[in-house]
Peer 1: 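Take a look at the following structure, please.
Everything numeric in this text was worked out from a predicted model, so none of it was measured. Numbering of residues begins at 1 and proceeds along the displayed sequence.
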Amino acid sequence: MNEKLILNGFEYAKARYAEMGVDVEAAMAAADKVPVSMHCWQGDDVIGFDGVGSLSGGIATTGNYPGRARTPQELRADIDKALSLIPGATKLNLHACYAEKNGKKVDRDEYTVEQFQGWLDWAAERKIGLDFNPTYFSHPMMDGDFSLSSTDEKKRRFWVEHGIRCREIALEFAKRLGQPCAINYWMPDGYKDTCADTYGPRKRMEKSLDEIFAPDIDETLAPCGIESKLFGIGVESYTVASHEFSLGYAIKNHKMYTLDSGHFHPTEVISAKITAVLLYVDKVLMHISRGIRWDSDHAVTYQDELQAIMDELVFNGLLDRAFIGQDYFDASINRIACWAIGMRSARKALLSSFLAPAEMLRKFEAEGDLTSRLAMMEERKNLPMTAVWDYYCLTRNVPVGETWLASVKQYEKDVLSLR
(Lines give C-alpha, C1' and ligand atoms only; values in the text may rest on other atoms or scores of the structure.)
Protein backbone atom coordinates (compact mmCIF):
# COMPACT_ATOMS: atom_id res chain seq x y z
CA MET A 1 0.00 0.00 0.00
CA ASN A 2 1.06 3.59 -0.61
CA GLU A 3 2.97 4.68 2.50
CA LYS A 4 2.38 8.38 1.84
CA LEU A 5 -1.39 7.80 1.77
CA ILE A 6 -1.18 5.88 5.05
CA LEU A 7 0.78 8.70 6.71
CA ASN A 8 -1.60 11.36 5.39
CA GLY A 9 -4.60 9.35 6.57
CA PHE A 10 -3.05 8.94 9.99
CA GLU A 11 -2.48 12.67 10.40
CA TYR A 12 -6.13 13.33 9.62
CA ALA A 13 -7.25 10.56 11.99
CA LYS A 14 -5.03 11.83 14.80
CA ALA A 15 -6.52 15.30 14.50
CA ARG A 16 -10.08 13.98 14.32
CA TYR A 17 -9.63 11.82 17.42
CA ALA A 18 -7.98 14.70 19.27
CA GLU A 19 -11.24 16.63 18.83
CA MET A 20 -12.85 13.81 20.83
CA GLY A 21 -10.21 14.00 23.54
CA VAL A 22 -8.43 10.81 22.41
CA ASP A 23 -4.64 10.52 22.23
CA VAL A 24 -4.10 8.21 19.24
CA GLU A 25 -0.44 7.45 20.02
CA ALA A 26 -1.34 6.44 23.58
CA ALA A 27 -4.23 4.30 22.30
CA MET A 28 -1.93 2.42 19.91
CA ALA A 29 0.65 1.84 22.64
CA ALA A 30 -2.01 0.54 25.02
CA ALA A 31 -3.57 -1.79 22.45
CA ASP A 32 -0.13 -3.08 21.48
CA LYS A 33 0.66 -4.32 25.00
CA VAL A 34 -2.43 -6.44 25.65
CA PRO A 35 -1.54 -10.13 25.12
CA VAL A 36 -3.86 -12.19 22.93
CA SER A 37 -3.29 -15.95 23.00
CA MET A 38 -3.35 -17.71 19.64
CA HIS A 39 -4.53 -21.33 19.78
CA CYS A 40 -2.23 -23.94 18.31
CA TRP A 41 -5.07 -26.33 17.42
CA GLN A 42 -6.30 -24.28 14.45
CA GLY A 43 -3.25 -25.45 12.49
CA ASP A 44 -3.88 -29.20 12.56
CA ASP A 45 -7.65 -29.54 13.17
CA VAL A 46 -7.20 -30.44 16.88
CA ILE A 47 -5.53 -33.78 16.11
CA GLY A 48 -2.43 -33.25 18.27
CA PHE A 49 0.74 -35.31 18.39
CA ASP A 50 0.30 -37.73 21.29
CA GLY A 51 -0.86 -40.59 19.11
CA VAL A 52 -4.66 -40.64 19.20
CA GLY A 53 -4.99 -39.50 15.60
CA SER A 54 -8.70 -38.59 15.49
CA LEU A 55 -11.24 -36.47 17.32
CA SER A 56 -13.89 -37.76 19.73
CA GLY A 57 -15.69 -36.55 22.82
CA GLY A 58 -18.11 -33.79 21.84
CA ILE A 59 -15.75 -32.02 19.47
CA ALA A 60 -15.41 -31.94 15.67
CA THR A 61 -13.65 -30.04 12.90
CA THR A 62 -15.37 -29.44 9.59
CA GLY A 63 -13.66 -29.04 6.24
CA ASN A 64 -10.72 -30.67 4.51
CA TYR A 65 -8.60 -27.81 3.19
CA PRO A 66 -5.18 -29.06 2.03
CA GLY A 67 -2.00 -28.40 3.99
CA ARG A 68 -2.85 -29.49 7.54
CA ALA A 69 0.22 -29.59 9.79
CA ARG A 70 1.23 -33.21 10.48
CA THR A 71 4.24 -32.78 12.77
CA PRO A 72 5.30 -30.39 15.53
CA GLN A 73 7.87 -28.90 13.17
CA GLU A 74 5.26 -28.19 10.49
CA LEU A 75 2.85 -26.72 13.02
CA ARG A 76 5.47 -24.45 14.55
CA ALA A 77 6.52 -23.28 11.06
CA ASP A 78 2.90 -22.47 10.24
CA ILE A 79 2.51 -20.60 13.53
CA ASP A 80 5.63 -18.61 12.75
CA LYS A 81 4.13 -17.65 9.41
CA ALA A 82 0.90 -16.55 11.08
CA LEU A 83 2.75 -14.53 13.73
CA SER A 84 4.56 -12.59 11.01
CA LEU A 85 1.17 -11.22 9.95
CA ILE A 86 -0.16 -10.30 13.38
CA PRO A 87 0.67 -7.10 15.32
CA GLY A 88 0.80 -6.70 19.08
CA ALA A 89 1.69 -8.85 22.07
CA THR A 90 0.92 -12.50 21.33
CA LYS A 91 1.01 -15.74 23.31
CA LEU A 92 0.48 -19.31 22.16
CA ASN A 93 -2.19 -21.52 23.67
CA LEU A 94 -1.33 -25.25 23.80
CA HIS A 95 -3.47 -28.32 24.42
CA ALA A 96 -1.90 -31.24 26.26
CA CYS A 97 -2.43 -33.48 23.22
CA TYR A 98 0.39 -31.55 21.52
CA ALA A 99 2.91 -33.38 23.68
CA GLU A 100 5.99 -34.69 21.90
CA LYS A 101 6.74 -38.16 23.27
CA ASN A 102 9.82 -38.76 21.11
CA GLY A 103 9.30 -42.52 21.16
CA LYS A 104 8.71 -42.83 24.90
CA LYS A 105 5.69 -44.66 26.33
CA VAL A 106 4.12 -41.98 28.47
CA ASP A 107 0.40 -41.28 28.81
CA ARG A 108 -1.48 -38.12 29.71
CA ASP A 109 -1.57 -38.94 33.42
CA GLU A 110 2.24 -38.95 33.44
CA TYR A 111 3.07 -35.94 31.29
CA THR A 112 5.75 -33.55 32.52
CA VAL A 113 7.27 -30.46 31.01
CA GLU A 114 9.69 -32.78 29.19
CA GLN A 115 7.00 -33.64 26.64
CA PHE A 116 6.66 -29.91 25.84
CA GLN A 117 10.31 -28.92 25.74
CA GLY A 118 10.12 -28.28 22.00
CA TRP A 119 7.33 -25.78 22.57
CA LEU A 120 9.19 -24.16 25.47
CA ASP A 121 12.35 -23.72 23.41
CA TRP A 122 10.34 -22.29 20.54
CA ALA A 123 8.49 -19.83 22.80
CA ALA A 124 11.65 -18.75 24.64
CA GLU A 125 13.41 -18.01 21.35
CA ARG A 126 10.51 -15.78 20.28
CA LYS A 127 10.06 -14.25 23.74
CA ILE A 128 6.36 -15.12 23.90
CA GLY A 129 4.36 -16.76 26.66
CA LEU A 130 2.43 -20.03 26.65
CA ASP A 131 -1.05 -20.86 27.92
CA PHE A 132 -2.20 -24.44 28.46
CA ASN A 133 -5.20 -26.80 28.44
CA PRO A 134 -5.68 -30.36 29.69
CA THR A 135 -7.09 -32.51 26.88
CA TYR A 136 -10.21 -34.28 28.14
CA PHE A 137 -11.21 -35.82 24.83
CA SER A 138 -9.94 -38.12 22.06
CA HIS A 139 -8.45 -40.81 24.29
CA PRO A 140 -9.11 -44.50 25.09
CA MET A 141 -9.51 -43.68 28.80
CA MET A 142 -12.63 -41.65 28.13
CA ASP A 143 -15.61 -43.46 29.66
CA GLY A 144 -17.83 -42.89 26.65
CA ASP A 145 -18.37 -39.14 26.95
CA PHE A 146 -17.24 -38.96 30.59
CA SER A 147 -13.89 -38.09 32.13
CA LEU A 148 -13.77 -36.39 35.55
CA SER A 149 -17.36 -37.43 36.31
CA SER A 150 -16.98 -41.05 35.27
CA THR A 151 -18.37 -43.77 37.52
CA ASP A 152 -15.35 -45.90 36.61
CA GLU A 153 -12.93 -45.03 39.40
CA LYS A 154 -9.85 -46.07 37.43
CA LYS A 155 -10.77 -43.79 34.55
CA ARG A 156 -11.80 -40.94 36.81
CA ARG A 157 -8.45 -41.15 38.61
CA PHE A 158 -6.59 -41.17 35.29
CA TRP A 159 -8.19 -37.86 34.35
CA VAL A 160 -7.62 -36.37 37.80
CA GLU A 161 -3.93 -37.17 37.49
CA HIS A 162 -3.92 -35.61 34.03
CA GLY A 163 -5.36 -32.42 35.49
CA ILE A 164 -2.75 -32.34 38.25
CA ARG A 165 0.09 -32.89 35.78
CA CYS A 166 -1.18 -30.07 33.58
CA ARG A 167 -1.09 -27.61 36.47
CA GLU A 168 2.52 -28.59 37.12
CA ILE A 169 3.40 -28.13 33.45
CA ALA A 170 1.70 -24.74 33.31
CA LEU A 171 3.64 -23.61 36.36
CA GLU A 172 6.91 -24.59 34.67
CA PHE A 173 5.91 -22.70 31.53
CA ALA A 174 5.31 -19.57 33.60
CA LYS A 175 8.57 -19.84 35.54
CA ARG A 176 10.73 -20.48 32.51
CA LEU A 177 9.13 -17.90 30.22
CA GLY A 178 8.54 -15.18 32.81
CA GLN A 179 4.85 -14.78 31.96
CA PRO A 180 1.71 -16.18 33.64
CA CYS A 181 0.38 -19.33 32.00
CA ALA A 182 -3.42 -19.42 32.07
CA ILE A 183 -4.66 -23.01 32.24
CA ASN A 184 -8.19 -23.85 31.17
CA TYR A 185 -10.26 -26.86 32.22
CA TRP A 186 -12.98 -27.89 29.77
CA MET A 187 -14.54 -31.33 30.11
CA PRO A 188 -17.05 -32.70 27.57
CA ASP A 189 -18.86 -34.93 30.08
CA GLY A 190 -22.56 -35.41 29.48
CA TYR A 191 -25.42 -37.44 28.00
CA LYS A 192 -26.89 -37.47 24.51
CA ASP A 193 -30.41 -38.13 25.75
CA THR A 194 -32.46 -37.24 28.82
CA CYS A 195 -30.89 -38.70 31.97
CA ALA A 196 -32.32 -39.66 35.35
CA ASP A 197 -29.41 -38.60 37.58
CA THR A 198 -28.17 -35.05 36.98
CA TYR A 199 -26.78 -34.59 40.50
CA GLY A 200 -24.40 -37.55 40.76
CA PRO A 201 -22.14 -36.66 37.82
CA ARG A 202 -21.80 -33.11 39.11
CA LYS A 203 -20.82 -34.32 42.58
CA ARG A 204 -18.16 -36.54 40.98
CA MET A 205 -16.97 -33.64 38.83
CA GLU A 206 -16.74 -31.43 41.90
CA LYS A 207 -14.77 -34.12 43.76
CA SER A 208 -12.38 -34.53 40.85
CA LEU A 209 -11.74 -30.81 40.50
CA ASP A 210 -11.17 -30.54 44.25
CA GLU A 211 -8.54 -33.26 43.96
CA ILE A 212 -6.87 -31.57 41.00
CA PHE A 213 -6.66 -28.23 42.77
CA ALA A 214 -5.66 -29.66 46.16
CA PRO A 215 -1.88 -29.28 45.57
CA ASP A 216 -0.86 -25.77 46.55
CA ILE A 217 0.76 -23.97 43.63
CA ASP A 218 1.28 -20.30 42.85
CA GLU A 219 -1.83 -19.38 40.86
CA THR A 220 -0.51 -15.90 40.15
CA LEU A 221 1.80 -17.80 37.78
CA ALA A 222 -0.61 -20.55 36.71
CA PRO A 223 -4.19 -19.29 37.16
CA CYS A 224 -6.82 -21.97 36.53
CA GLY A 225 -10.08 -21.41 34.69
CA ILE A 226 -13.24 -23.53 34.59
CA GLU A 227 -15.05 -23.47 31.24
CA SER A 228 -18.75 -24.09 30.86
CA LYS A 229 -20.67 -25.30 27.84
CA LEU A 230 -24.32 -25.46 26.92
CA PHE A 231 -23.99 -28.79 25.12
CA GLY A 232 -21.60 -30.71 22.90
CA ILE A 233 -21.86 -33.02 19.90
CA GLY A 234 -23.24 -36.28 21.25
CA VAL A 235 -24.08 -34.75 24.64
CA GLU A 236 -26.99 -32.55 23.63
CA SER A 237 -29.31 -33.21 26.57
CA TYR A 238 -27.08 -32.85 29.62
CA THR A 239 -23.69 -31.24 30.21
CA VAL A 240 -22.07 -31.80 33.58
CA ALA A 241 -19.96 -28.62 33.52
CA SER A 242 -22.82 -26.28 32.68
CA HIS A 243 -22.72 -22.51 33.16
CA GLU A 244 -24.24 -22.72 36.63
CA PHE A 245 -21.88 -25.51 37.72
CA SER A 246 -18.73 -23.88 36.36
CA LEU A 247 -19.45 -20.36 37.56
CA GLY A 248 -20.49 -21.67 40.97
CA TYR A 249 -17.33 -23.75 41.27
CA ALA A 250 -15.16 -20.81 40.23
CA ILE A 251 -16.76 -18.49 42.79
CA LYS A 252 -16.62 -21.00 45.62
CA ASN A 253 -13.05 -22.10 44.96
CA HIS A 254 -11.47 -18.81 43.81
CA LYS A 255 -10.78 -19.92 40.24
CA MET A 256 -11.13 -18.06 36.98
CA TYR A 257 -14.31 -18.48 35.02
CA THR A 258 -13.83 -19.11 31.30
CA LEU A 259 -16.30 -17.38 29.02
CA ASP A 260 -16.39 -18.88 25.52
CA SER A 261 -18.36 -16.85 22.99
CA GLY A 262 -19.83 -19.99 21.40
CA HIS A 263 -20.89 -21.83 24.55
CA PHE A 264 -24.23 -20.23 25.36
CA HIS A 265 -27.70 -19.97 23.84
CA PRO A 266 -27.68 -18.28 20.42
CA THR A 267 -29.31 -15.15 21.85
CA GLU A 268 -26.75 -14.83 24.67
CA VAL A 269 -23.50 -12.86 24.37
CA ILE A 270 -20.55 -13.09 26.73
CA SER A 271 -19.93 -9.34 26.53
CA ALA A 272 -23.05 -8.92 28.68
CA LYS A 273 -21.66 -11.28 31.33
CA ILE A 274 -18.15 -9.92 31.92
CA THR A 275 -18.75 -7.24 34.55
CA ALA A 276 -21.34 -9.35 36.38
CA VAL A 277 -18.96 -12.31 36.64
CA LEU A 278 -16.03 -10.11 37.72
CA LEU A 279 -17.96 -8.96 40.77
CA TYR A 280 -17.54 -12.47 42.15
CA VAL A 281 -14.35 -13.92 40.66
CA ASP A 282 -10.92 -12.34 40.51
CA LYS A 283 -10.22 -13.05 36.86
CA VAL A 284 -11.88 -14.28 33.69
CA LEU A 285 -10.46 -16.18 30.75
CA MET A 286 -11.99 -15.12 27.45
CA HIS A 287 -12.22 -17.68 24.64
CA ILE A 288 -13.08 -15.62 21.58
CA SER A 289 -14.81 -17.64 18.89
CA ARG A 290 -17.63 -17.09 16.39
CA GLY A 291 -20.58 -19.37 16.75
CA ILE A 292 -23.05 -19.43 13.88
CA ARG A 293 -26.34 -20.75 15.23
CA TRP A 294 -24.24 -22.20 18.06
CA ASP A 295 -20.68 -23.31 18.91
CA SER A 296 -19.56 -23.90 15.34
CA ASP A 297 -16.12 -22.39 15.98
CA HIS A 298 -15.84 -20.24 12.87
CA ALA A 299 -12.83 -17.96 12.49
CA VAL A 300 -13.21 -14.76 14.50
CA THR A 301 -14.16 -11.76 12.39
CA TYR A 302 -14.47 -8.07 13.20
CA GLN A 303 -18.10 -7.85 14.23
CA ASP A 304 -20.29 -6.25 16.91
CA GLU A 305 -19.87 -8.88 19.62
CA LEU A 306 -16.09 -8.92 19.33
CA GLN A 307 -16.06 -5.15 19.66
CA ALA A 308 -18.46 -5.30 22.60
CA ILE A 309 -16.21 -7.78 24.43
CA MET A 310 -13.18 -5.52 24.06
CA ASP A 311 -15.20 -2.42 24.97
CA GLU A 312 -16.36 -4.05 28.20
CA LEU A 313 -12.79 -4.88 29.20
CA VAL A 314 -11.24 -1.56 28.15
CA PHE A 315 -14.00 0.87 29.17
CA ASN A 316 -14.27 -0.69 32.63
CA GLY A 317 -10.53 -0.98 33.24
CA LEU A 318 -10.65 -4.76 33.51
CA LEU A 319 -7.81 -5.86 31.24
CA ASP A 320 -5.60 -6.71 34.21
CA ARG A 321 -8.28 -9.17 35.33
CA ALA A 322 -8.75 -10.92 32.01
CA PHE A 323 -6.80 -13.32 29.84
CA ILE A 324 -7.78 -13.09 26.18
CA GLY A 325 -7.44 -16.09 23.89
CA GLN A 326 -8.99 -17.47 20.73
CA ASP A 327 -10.69 -20.83 20.22
CA TYR A 328 -11.87 -21.97 16.80
CA PHE A 329 -10.84 -24.62 14.31
CA ASP A 330 -11.99 -24.09 10.76
CA ALA A 331 -10.64 -26.52 8.17
CA SER A 332 -12.76 -25.19 5.32
CA ILE A 333 -10.29 -22.43 4.40
CA ASN A 334 -6.54 -21.88 4.65
CA ARG A 335 -5.65 -22.47 8.30
CA ILE A 336 -3.00 -19.76 8.47
CA ALA A 337 -5.47 -17.28 7.01
CA CYS A 338 -7.87 -18.28 9.81
CA TRP A 339 -5.28 -17.32 12.40
CA ALA A 340 -4.46 -14.06 10.63
CA ILE A 341 -8.10 -13.05 10.24
CA GLY A 342 -9.00 -13.91 13.83
CA MET A 343 -5.97 -12.42 15.54
CA ARG A 344 -5.88 -9.26 13.43
CA SER A 345 -9.61 -8.79 14.10
CA ALA A 346 -9.08 -9.10 17.86
CA ARG A 347 -6.24 -6.58 17.82
CA LYS A 348 -8.29 -4.22 15.66
CA ALA A 349 -11.15 -4.40 18.15
CA LEU A 350 -8.77 -3.69 21.03
CA LEU A 351 -7.39 -0.67 19.19
CA SER A 352 -10.91 0.57 18.48
CA SER A 353 -11.78 0.29 22.18
CA PHE A 354 -8.77 2.37 23.18
CA LEU A 355 -9.62 4.91 20.47
CA ALA A 356 -13.22 5.28 21.61
CA PRO A 357 -14.14 8.55 23.38
CA ALA A 358 -15.02 6.58 26.50
CA GLU A 359 -14.49 9.47 28.92
CA MET A 360 -16.87 11.64 26.93
CA LEU A 361 -19.47 8.88 26.94
CA ARG A 362 -19.09 8.36 30.68
CA LYS A 363 -19.45 12.10 31.29
CA PHE A 364 -22.69 12.28 29.33
CA GLU A 365 -24.00 9.25 31.21
CA ALA A 366 -23.07 10.65 34.63
CA GLU A 367 -24.81 13.91 33.78
CA GLY A 368 -27.95 12.09 32.65
CA ASP A 369 -27.52 13.31 29.08
CA LEU A 370 -28.49 10.03 27.48
CA THR A 371 -29.31 11.72 24.18
CA SER A 372 -25.71 12.84 23.75
CA ARG A 373 -24.46 9.47 24.91
CA LEU A 374 -26.39 7.62 22.21
CA ALA A 375 -25.55 10.18 19.55
CA MET A 376 -21.82 9.95 20.27
CA MET A 377 -21.91 6.16 20.38
CA GLU A 378 -23.21 6.33 16.84
CA GLU A 379 -20.69 8.97 15.76
CA ARG A 380 -17.89 6.75 17.10
CA LYS A 381 -18.69 4.32 14.28
CA ASN A 382 -17.77 6.99 11.73
CA LEU A 383 -14.40 7.92 13.22
CA PRO A 384 -11.38 7.07 11.01
CA MET A 385 -10.23 4.03 12.94
CA THR A 386 -9.12 2.23 9.76
CA ALA A 387 -6.56 4.95 9.07
CA VAL A 388 -5.10 4.41 12.53
CA TRP A 389 -5.13 0.64 12.06
CA ASP A 390 -3.20 0.90 8.80
CA TYR A 391 -0.58 3.15 10.43
CA TYR A 392 -0.42 0.83 13.45
CA CYS A 393 0.30 -2.19 11.22
CA LEU A 394 2.86 -0.22 9.19
CA THR A 395 4.78 0.84 12.29
CA ARG A 396 4.65 -2.70 13.73
CA ASN A 397 6.20 -4.15 10.54
CA VAL A 398 3.26 -6.38 9.63
CA PRO A 399 1.31 -6.27 6.35
CA VAL A 400 -1.09 -3.36 5.93
CA GLY A 401 -4.66 -3.93 4.76
CA GLU A 402 -5.26 -6.97 2.60
CA THR A 403 -1.59 -7.34 1.60
CA TRP A 404 -1.14 -10.15 4.14
CA LEU A 405 -3.26 -12.44 1.94
CA ALA A 406 -0.69 -12.56 -0.88
CA SER A 407 1.92 -13.75 1.61
CA VAL A 408 -0.37 -16.56 2.78
CA LYS A 409 -1.11 -17.59 -0.81
CA GLN A 410 2.61 -17.76 -1.57
CA TYR A 411 3.24 -19.85 1.56
CA GLU A 412 0.45 -22.17 0.48
CA LYS A 413 2.08 -22.59 -2.92
CA ASP A 414 5.60 -23.06 -1.56
CA VAL A 415 4.90 -25.08 1.60
CA LEU A 416 1.34 -26.25 2.24
CA SER A 417 0.67 -27.63 -1.23
CA LEU A 418 3.66 -29.97 -0.89
CA ARG A 419 2.30 -31.78 2.18
Peer 1: Do any N or O atoms from the side chain of S149 and from the backbone of F146 form a donor-acceptor pair under 3.5 angstrom?
Peer 2: no
Peer 1: In chain order, what residues pass the side-chain contact (heavy atoms from CB on, under 4.5 Å) check against F231, with sequence neighbours excluded?
Peer 2: E236, T239, W294
Peer 1: Only pairs at least two apart or in different chains count here, so list each side-chain hydrogen bond (donor to acceptor under 3.5 Å, both in side chains) that has a residue in residues 313-325.
Peer 2: none
Peer 1: Determine whether the aromatic ring centres of residues H95 and F137 are separated by less than 6.0 angstrom.
Peer 2: yes
Peer 1: Testing E219, E211, E161, E172 one by one against R167 for a salt bridge (charged side-chain N to carboxylate O under 4.0 Å, His left out), which residue passes?
Peer 2: E219
Peer 1: Test your reading of the model: is there a side-chain donor-acceptor pair from Q326 to the backbone of I288, 3.5 Å cut-off?
Peer 2: no
Peer 1: For the backbone of C224 and the side chain of Y185, can you confirm whether one donor and one acceptor N or O come within less than 3.5 Å of each other?
Peer 2: no
Peer 1: If the condition is side-chain contact (heavy atoms from CB on, under 4.5 Å), which residues does E100 pass it with, not counting sequence neighbours?
Peer 2: P72, Q73, R76, N102, W119
Peer 1: Judged by atom type as modelled, is there a donor-acceptor pair below 3.5 Å linking the side chain of S228 to the main-chain atoms of S242?
Peer 2: no
Peer 1: For N334 and Y411, test the side chains for any donor-to-acceptor distance below 3.5 angstrom and give the result as yes or no.
Peer 2: no
Peer 1: Taking R157 first and then D109, would you say they form a salt bridge - that is, a charged N and a carboxylate O separated by under 4.0 Å?
Peer 2: no
Peer 1: Can you name the residues that form a side-chain contact (heavy atoms from CB on, under 4.5 Å) with K363, not counting sequence neighbours?
Peer 2: E367
Peer 1: Do K101 and Y111 have side chains that approach each other closer than 4.5 Å (heavy atoms only, starting at C-beta)?
Peer 2: yes
Peer 1: Can you sort out the partners of R290 under salt bridge (Lys or Arg N to Asp or Glu O under 4.0 Å), two or more places apart, ordered by chain and number?
Peer 2: none
Peer 1: Using atom types as modelled and distance alone, determine if a side-chain donor or acceptor of S261 lies under 3.5 Å from a backbone N or O of S289.
Peer 2: yes
Peer 1: Kindly indicate whether a cation-pi arrangement holds for K91 with F323, taking the cut-offs as under 6.0 Å to the six-membered ring centre and within 45° of the axis.
Peer 2: no
Peer 1: Once the angle between the rings of H263 and W186 is folded into 0 to 90°, is it parallel (under 30°), tilted (30 to 60°) or perpendicular (over 60°)?
Peer 2: tilted
Peer 1: Please examine the side chains of K229 and D295, heavy atoms only from C-beta on, and report whether any two atoms are closer than 4.5 Å.
Peer 2: yes
Peer 1: Centroid-to-centroid, F329 to H39, below 6.0 Å?
Peer 2: no
Peer 1: Would you say the side-chain atoms of R344 pair up with the backbone N or O of L85, donor to acceptor, closer than 3.5 Å?
Peer 2: yes
Peer 1: Would you give me the side-chain donor-acceptor pairs under 3.5 Å for residues 382-397, sequence neighbours excluded?
Peer 2:
from : atom 1 : to   : atom 2 : distance (Å)
Y392 : OH     : D32  : OD1    : 2.6
T395 : OG1    : Y391 : O      : 2.9
T395 : OG1    : Y392 : O      : 3.1

Peer 1: Taking atom types as modelled, find out whether S208 and R156 have a side-chain donor-acceptor pair closer than 3.5 angstrom.
Peer 2: yes
